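Below: one structure, written as structure tokens.
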Amino acid sequence: MKFKKVLIGMFIAGSILTLSACGSNNSSTSSKNEPAPRPTAKTPTLAQALKDHKFWYYFKDKKVTKDSTPSSVIVSKGNGKVAEYPWNITKAGEENLAFSDYLKLDDKEKLSMLTLPSKVVLNPYIDAYQVLNKVDNSDLFEDFKVSITTDDTGNYTKYESLTVPTLTTEKVTGGVKIEKDHSDLNIIDSSAFATIYDHSFEGYTLVWYFSDHPQIDGSLLTETGNENIQFQLDSPKDASKHITVDGK
């Protein structure tokens, strides 16, 4: 009888050890299969993001898809100087380059596709116009300007406007002239995003004008890849040579 009790005890103990080992192995296997935790998100403001990311794309589409074409490309030198190139008056526009193909180019090739063409199509139903003058792309770069409008307390940003140097066209006898100008992009939040094939974008929502019922005017996006980035609006506390607050 005592012998039977010993055998039963040994059996129970062995079962417990086996279950414990299985549980340990399952736990180890489970931990190995779990994805690595996503790194802490970077939270740059607009002014900082413009310095950190070289190419920004302004889309007028409410939803950016693989077939979308940017209205313009803003290029940053990383030192606060930027330049905007309207897509339709670039080599990329002249060659009717798909934006998804543009994304496959390296930085040098992308810049090359933003040079001015010999002809400009102002309307898809009208023949291209001859460009009558030349503008040096390097002369276009200037400091960007951010103008913040605060809420009723004056402590928080309600919205902000981004002013950048750009190019415009003027139709004249015999063709078009391209002149330097400035454009304003009205930014209301940082919730914009898009995916085009294996390219991920994050950025800012734009509006026509600021009011209680603003009209969406597209988005300003930059490629973020696998980075965990959550862009922010600038703060009134960030006033600098690039940023003015409530007109001051």
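None of the values given here were measured: they were computed from a predicted structure. Throughout, numbering of the chain's residues begins at 1 and tracks the sequence. Computed from heavy atoms alone, side chains included, the values below leave out hydrogens, waters and symmetry copies.
- Within 6.0 Å of the CG atom in Asp152, the count of heavy atoms belonging to other residues, nucleotides or ligands does not exceed 12.
- Rounded to the nearest 0.5 angstrom, Ser76 OG and Leu50 CG are separated by 6.5 Å.
- Residues Leu221 and Ala194 come closest through the heavy atom pair CD1-CB, 3.8 Å.
- The closest side-chain heavy-atom distance from Pro165 to Val82 is below 4.5 Å.
- Looking only at side-chain heavy atoms (C-beta outward), Leu103 and Leu105 stay at 4.5 Å or farther from each other.
- A heavy-atom distance below 4.5 Å is found between the side chains of Pro70 and Phe99.
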Please evaluate residues Ile74 and Leu220 with respect to the criterion side-chain contact (heavy atoms from CB on, under 4.5 Å), reporting the C-alpha separation (whole Å), side-chain torsions for both, the decisive distance (0.1 Å), and the verdict. CA-CA 9 Å; Ile74 296 176; Leu220 181 65; 4.1 Å; yes
May I have the list of side-chain donor-acceptor pairs in residues 241-248 shorter than 3.5 Å, sequence neighbours left out?
from: His242; atom 1: ND1; to: Phe144; atom 2: O; distance (Å): 3.0
from: Asp246; atom 1: OD1; to: Thr150; atom 2: N; distance (Å): 3.0
from: Asp246; atom 1: OD1; to: Thr150; atom 2: OG1; distance (Å): 3.3
from: Asp246; atom 1: OD2; to: Thr150; atom 2: OG1; distance (Å): 2.7

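- The closest side-chain heavy-atom distance from Asp139 to Lys180 is below 4.5 Å.
- Checking side-chain atoms of Thr224 against main-chain N and O of Glu227 turns up no donor-acceptor pair under 3.5 Å.
- Judged by distance alone, with hydrogens and angles left aside, the side-chain atoms of Asn186 form no donor-acceptor pair with the main-chain N or O of Ser161 at under 3.5 Å.
- Taking CD1 from Ile196 and CD from Glu223, the interatomic distance works out to 9.0 Å, rounded to the nearest 0.5 Å.
- The line from CG of Leu111 to OG1 of Thr90 is 11.5 Å long, rounded to the nearest 0.5 Å.
- Under the 4.5 Å side-chain heavy-atom criterion for Ile, Leu, Val, Met, Phe, Trp and Tyr, Ile229 and Ile187 are members of the same hydrophobic cluster.
- Using a 4.5 Å cut-off on side-chain heavy atoms (C-beta onward), Gln230 and Lys42 make no contact.
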Atom pairs and distances, donor-acceptor, side-chain atoms in residues 167-178, under 3.5 Å, two or more places apart:
none

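- More than 12 heavy atoms of other shown residues, nucleotides or ligands fall within 6.0 angstrom of atom CG in Asn79.
- Judged purely by distance below 3.5 Å, without hydrogens or angles, the side chains of Thr205 and Ser191 pair a donor atom with an acceptor atom.
- Within the 3.5 Å criterion, the main-chain N or O of Ser118 finds a donor-acceptor partner in the side chain of Gln130.
- Under the side chain to side chain contact (heavy atoms under 4.5 Å, CB included) test applied with Leu233, the options Leu46, Thr157, Ile148 reduce to a single match, Thr157.
- Applying the side chain to side chain donor-acceptor pair (under 3.5 Å) test to residues at least two apart or on different chains, the pairs with a partner in residues 49-58 are Gln48-Asp52, Tyr58-Asp217.
- Ser219 places a side-chain heavy atom less than 4.5 Å from the side chain of Val64.
- Checked by atom type and distance alone, the side chain of Ser190 pairs as donor or acceptor with a backbone atom of Phe231 at under 3.5 Å.
- Glu202 CD to Asn228 CG: the interatomic distance, rounded to the nearest 0.5 Å, is 8.5 Å.
- For Lys110 and Phe55, the positive end sits near the middle of the six-membered ring, less than 6.0 Å away and at most 45° from its axis.
- Hydrophobic clustering (ILVMFWY, side-chain heavy atoms < 4.5 Å, transitive): Tyr102 and Leu116 are in one cluster.
- Between the side chain of Asp106 and the backbone N or O of Glu109, at least one donor-acceptor pair lies under 3.5 Å.
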Could you walk me through whether Thr163 and Ser183 pass the side-chain contact (heavy atoms from CB on, under 4.5 Å) check? CA-CA 6 Å; Thr163 301; Ser183 68; over 6 Å; no
Working note: Lys119 + Glu94, criterion side-chain contact (heavy atoms from CB on, under 4.5 Å); need CA distance, chi angles, decisive distance, verdict. CA-CA 7 Å; Lys119 292 184 178 181; Glu94 181 184 37; 4.1 Å; yes
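- For the side-chain hydrogen bond (donor to acceptor under 3.5 Å, both in side chains) test, residues two or more places apart in sequence or in another chain that qualify with Thr166 are Glu84.
- The distance between the ring centers of Tyr159 and Tyr204 does not fall below 6.0 angstrom.
- Side-chain contact between Leu97 and Met113: present, with at least one pair of heavy atoms (C-beta onward) separated by less than 4.5 Å.
- Between the Glu160 side chain and the Asp234 main chain, a donor and an acceptor come within less than 3.5 Å of each other.
- Judged by distance alone, with hydrogens and angles left aside, the side-chain atoms of Tyr197 form no donor-acceptor pair with the main-chain N or O of Lys66 at under 3.5 Å.
- Applying the salt bridge (Lys or Arg N to Asp or Glu O under 4.0 Å) test to Lys91 and every residue at least two apart in sequence or in another chain returns nothing.
- Remark: the Thr153 side chain and the Asp151 side chain contain an N/O donor-acceptor pair separated by less than 3.5 Å.
- With sequence neighbours excluded, no residue forms a side-chain hydrogen bond (donor to acceptor under 3.5 Å, both in side chains) with Ser71.
- Residues Trp87 and Thr69 have side chains in contact (heavy-atom distance under 4.5 Å, counting atoms from C-beta outward).
- To the nearest 0.5 angstrom, Leu140 atom CG is 11.0 Å from Leu114 atom CG.
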